[in-house]
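Remarks on the structure that follows.
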Number of protein chains: 2
Amino acid sequence: MSPSHIHVPTDCRTVTEILSRVGDKWSVQVVVQMGEGPKRFNELRRAVTGISQRMLTLTLRGLERDGLVTRTVYPTIPPRVDYQLTGLGCSLLKTVRGLGDWAIEHRDEILTARRRFDASGDEELDRERPDAA
Amino acid sequence: MSPSHIHVPTDCRTVTEILSRVGDKWSVQVVVQMGEGPKRFNELRRAVTGISQRMLTLTLRGLERDGLVTRTVYPTIPPRVDYQLTGLGCSLLKTVRGLGDWAIEHRDEILTARRRFDASGDEELDRERPDAA
DNA sequence: CAGTATCCTTCGCGATACTG
DNA sequence: CAGTATCGCGAAGGATACTG
């Protein structure tokens, strides 16, 4: 019943905390993979290039803890575990896509700005040490 | 002229890279502060509670490098430096607010899920060591 | 297959001191 | 006021080995 439309300082920390979830190295990529439906552990591992077994486990635990994914164990041999986005997870995915689209849309602008910035830094160095060239 | 609506693998890394900007500890908070207009260095420092001088400098440099803020130096004594969002920076702020709103909206759901998860973990421990209680 | 446990490295970040 | 330079810690994350 707390008025969520009123911004109190507490919200800032909460938002930052949740943003750090999104900002961590793997969560978003894992969530995106599950967007297409339930996935098994090694299926995710192959889909998310570069992730280690350890980090996939930790990432999935974190997402499960926050109620973003469900973990379903089928006690077969060999064992089978399915991970699936919850409603909350789906809604996060949608929101995150907004950011993803922004990134793709402005990718070139950013890369260009970066090159300009780096280049202008080099110029300053050249002015300090004209004999460097 | 590259078809930005077609997803090639390269985009994933770019998106991740830009998401990590958003996910870092201070960038978003600094950007939000500048949303209300140009700000001076120490003004930002006071507004963003907990940030160190070093991190504010690094954060601002990063944002400037990516073309998200401009840095204007007034060669007065004492020196005065204004930081201001660019158009690109403003558009990022808008997008990030989407995520912020999501976080505020689902804050309680997440916290509840967390408590449930942590509690169920304790139960399992109790079952393994019934004498622990 | 789906993990857990352990070790080890890298790096983000804070604290502190100094400068134009 | 607005930085830069240096040091050190703790957490994040990778590699590897082992298990039900």
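Every heavy atom of this structure was used, including side-chain atoms; hydrogens, water molecules and symmetry mates were not. These numbers were taken from a predicted model, which means no experiment stands behind them. Here is how names work: the chains are called A, B, and so on, in the same order as the sequence lines, proteins then strands, and each is numbered from 1.
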**Message:** Given 3.5 Å as the limit, does a donor-acceptor pair link the side chain of B:S52 with the main chain of B:M55, or not?
**Reply:** yes
**Message:** Any non-hydrogen side-chain atom of A:W26 less than 4.5 Å from a side-chain atom of A:L56?
**Reply:** no
**Request:** Find the distance B:I51:CD1 to C:dG14:P and express it as a whole number of Å.
**Result:** 7 Å
**Asked** Taking atom P of C:dT6 as reference, at what distance in whole Å does atom CZ of A:R54 sit?
**Response** 12 Å
**Prompt:** Does the side chain of B:W102 come within less than 4.5 Å of A:L88's, by heavy atoms?
**Reply:** yes
**Prompt:** What pair of heavy atoms forms the shortest contact from A:P79 to A:R40, and how long is it?
**Reply:** O-NH2, 3.9 Å
**Sorted by number, the residues of residues 29-47 of chain A with heavy-atom contact under 4.0 Å to DNA chain D** = none
**Request:** Report which part of the nucleic acid A:Y83 touches: base, sugar-phosphate, or nothing (heavy-atom distance under 4.0 Å, all strands).
**Result:** sugar-phosphate
**Asked** So what does the secondary structure string of DNA chain D come out as, 5' to 3', with Watson-Crick or wobble pairs under 3.5 angstrom, [ ] for crossing and | for pairs with another strand?
**Response** ||||||||||||||||||||
**Message:** Whole angstroms only, please: what is the CG-C1' distance between B:L56 and C:dG14?
**Reply:** 14 Å
**Request:** Let me know the distance between CG of B:L58 and P of C:dA15, rounded to the nearest Å.
**Result:** 14 Å
**Asked** Could you state the NZ-P distance from A:K25 to C:dT10, rounded to the nearest angstrom?
**Response** 13 Å
**Item:** Of A:P78 and A:T57, the one whose closest DNA chain C nucleotide lies more 5'
**Value:** A:P78
**Request:** Indicate if A:Y74 and A:Y83 have the same hydrophobic cluster label, given that clusters are the connected sets of ILVMFWY residues with side-chain heavy-atom separations under 4.5 angstrom.
**Result:** no
**Request:** Measure the shortest side-chain to side-chain distance between A:E64 and A:L60 over non-hydrogen atoms and say whether it is less than 4.5 angstrom.
**Result:** no
**Asked** So, A:S27 side chain and A:V22 main chain: donor-acceptor pair closer than 3.5 Å or not?
**Response** no
**Item:** Salt bridge flag under 4.0 Å for residues B:R114 and A:E17
**Value:** yes
**Request:** Say whether, by atom type as modelled, one donor and one acceptor occur between the side chain of B:S120 and the main chain of B:F117 under 3.5 angstrom.
**Result:** yes
**Asked** Could you walk me through whether B:D82 and B:K39 pass the salt bridge (charged side-chain N to carboxylate O under 4.0 Å, His left out) check?
**Response** CA-CA 5 Å; B:D82 274 14; B:K39 299 270 185 185; over 6 Å; no
**Message:** What I'd like to find out is whether the side chain of A:R115 reaches to under 4.5 Å of the side chain of A:T112, using heavy atoms alone.
**Reply:** yes
**Item:** Range on DNA chain D touched by chain A - first to last nucleotide, heavy-atom distance under 4.0 Å
**Value:** D:dG13 to D:dG20
